[in-house]
Amino acid sequence: MVRALSEARRVLKRGGRLIDMRPTMRNRRVELALPEATLFIGEIDSASTNSDHLAANDALDAALAAGEFKLEHRTTFQIKTDLDTLADLREFKSVLRRSVMPESIFERIRALIADEPAGALIRIRREMLIARYRRL
């Protein structure tokens, strides 16, 4: 983030806007969406990425304190990823870089859909931050 802010300061004219979009520090939630209800299954542990998030927040706070940017708007939103099968969930897990998905998530889903796999979706929710800053 420090390099990105330096580049933004270099290329943005005064009044130019910077959009910051990134995951929040909250863990991803894994749910099982059944026709009659959505069940919370567990979380994907993203604690190993917290230092990156904190460094990005510190860099932005420093830029705001130095009067280089002004926060215009900030909000969060959810990204949902729907998967059809446990094999799809395994593939999703295989591309996680530093986050950890416990094996208990697979076991719990397997037990819940053993009798009724039709109509079940495995849903992963990730909270994202989006913010707009103006270059001063």
Side-chain angles (χ1 to χ4, degrees):
M1 179 62 82
V2 173
R3 283 180 264 164
L5 284 172
S6 295
E7 185 66 6
R9 280 191 294 271
R10 186 183 73 76
V11 300
L12 286 176
K13 296 178 183 177
R14 291 194 186 283
R17 291 191 172 123
L18 169 69
I19 304 296
D20 173 25
M21 188 171 79
R22 56 194 157 100
T24 67
M25 289 176 55
R26 291 193 176 168
N27 288 334
R28 290 181 203 127
R29 295 175 49 91
V30 180
E31 302 169 344
L32 185 62
L34 300 168
E36 66 278 359
T38 298
L39 307 174
F40 172 74
I41 301 298
E43 292 186 342
I44 299 171
D45 183 2
S46 300
S48 65
T49 64
N50 285 352
S51 61
D52 295 342
H53 294 287
L54 294 171
N57 292 341
D58 289 346
L60 279 165
D61 289 346
L64 293 169
E68 298 166 347
F69 291 94
K70 177 184 176 191
L71 175 64
E72 292 186 326
H73 182 74
R74 179 184 308 170
T75 192
T76 59
F77 65 96
Q78 299 257 331
I79 293 179
K80 294 186 291 186
T81 303
D82 287 344
L83 306 168
D84 294 318
T85 65
L86 283 170
D88 294 338
L89 185 60
R90 287 250 179 243
E91 185 177 330
F92 181 90
K93 180 182 179 179
S94 73
V95 298
L96 293 174
R97 291 186 338 205
R98 295 186 299 172
S99 299
V100 177
M101 184 184 308
E103 193 61 31
S104 61
I105 287 176
F106 293 92
E107 295 163 3
R108 192 149 178 235
I109 292 171
R110 191 176 297 109
L112 287 166
I113 64 172
D115 297 330
E116 301 180 39
L121 280 176
I122 301 165
R123 179 165 292 146
I124 300 168
R125 291 183 186 268
R126 181 169 214 171
E127 186 179 75
M128 300 291 290
L129 165 77
I130 187 164
R132 182 179 67 233
Y133 298 89
R134 183 174 298 275
R135 171 83 160 91
L136 300 177

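Throughout, numbering of the chain's residues begins at 1 and tracks the sequence. Note that these values count all heavy atoms, side chains included, but never hydrogens, waters or copies made by symmetry.
- Rounding to the nearest 0.5 Å gives a distance of 11.5 Å between CG of D84 and CG of L89.
- Remark: side-chain polar atoms of R14 are paired, donor with acceptor, to backbone N or O of L136 under 3.5 angstrom.
- Put simply, the side chain of I44 does not reach to within 4.5 Å of the side chain of V100, judged on heavy atoms.
- The existence of a salt bridge linking R90 and E103 is confirmed by a sub-4.0 Å separation between a basic side-chain nitrogen and an acidic carboxylate oxygen.
- Rounding to the nearest 0.5 angstrom, the gap separating the NZ atom in K93 from the CE atom in M101 is 7.0 Å.
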Note to self: Between F69 and R132, is the side-chain contact (heavy atoms from CB on, under 4.5 Å) condition met? List the steps.
What the structure shows: CA-CA 10 Å; F69 291 94; R132 182 179 67 233; over 6 Å; no
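- Using modelled atom types, one finds a donor on one side chain and an acceptor on the other under 3.5 Å when comparing E127 with T24.
- Looking at Y133 and L64, their side chains come closer than 4.5 Å, going by heavy atoms from C-beta outward.
- For the atom pair CG (L34) and CG (L112), the distance works out to 7.0 Å, reported to the nearest 0.5 Å.
- With hydrogens and angles ignored, the 3.5 Å screen pairs no side-chain donor or acceptor of S99 with any backbone N or O of L96.
- The only option from V30, D88, L121 that meets the side chain to side chain contact (heavy atoms under 4.5 Å, CB included) definition with L83 turns out to be D88.
- Residue R26 qualifies as open at atom CZ: its count of foreign heavy atoms under 6.0 Å is 12 or below.
- Of all non-hydrogen atoms in L5 and A63, the two that sit nearest each other are CD1-CB, 4.2 Å.
- By the 4.0 Å N-to-carboxylate-O rule, R110 lies too far from E107 to be salt-bridged with it.
- Looking at R28, its side chain never comes within 3.5 Å of a backbone N or O of D45 through a donor-acceptor pair.
- The line from CD of E31 to OG1 of T38 is 6.0 Å long, rounded to the nearest 0.5 Å.
- Residue N27 is tested with E43, R125, R126 for a side chain to side chain contact (heavy atoms under 4.5 Å, CB included); the sole match is E43.
- Within the model, atoms CD1 of I113 and CG of L39 stand 11.5 Å from one another, a figure rounded to the nearest 0.5 Å.
- For the pair L32 and I122, the minimum side-chain heavy-atom distance is below 4.5 Å.
- When all heavy atoms of A8 and R135 are compared, the pair lying nearest together is O-NE, 4.4 Å.
- For H53 (side chain) and P23 (main-chain N/O), a donor-acceptor pair under 3.5 Å exists by modelled atom type.
- Between the side chain of R134 and the backbone N or O of G15 there is at least one donor-acceptor pair closer than 3.5 Å.
- In the model, S6 has no side-chain atom that pairs as donor or acceptor with a side-chain atom of R3 under 3.5 Å.
- A chain of hydrophobic side-chain contacts below 4.5 Å, direct or via other Ile, Leu, Val, Met, Phe, Trp or Tyr residues, connects L18 to L71.
- Annotation: E91, atom CD; neighbour count of heavy atoms from other residues, nucleotides and ligands within 6.0 Å does not exceed 12.
- Atom CD1 in I130 sits 6.0 Å away from atom CD1 in I19 (nearest 0.5 Å).
- Put simply, the side chain of T76 does not reach to within 4.5 Å of the side chain of M128, judged on heavy atoms.
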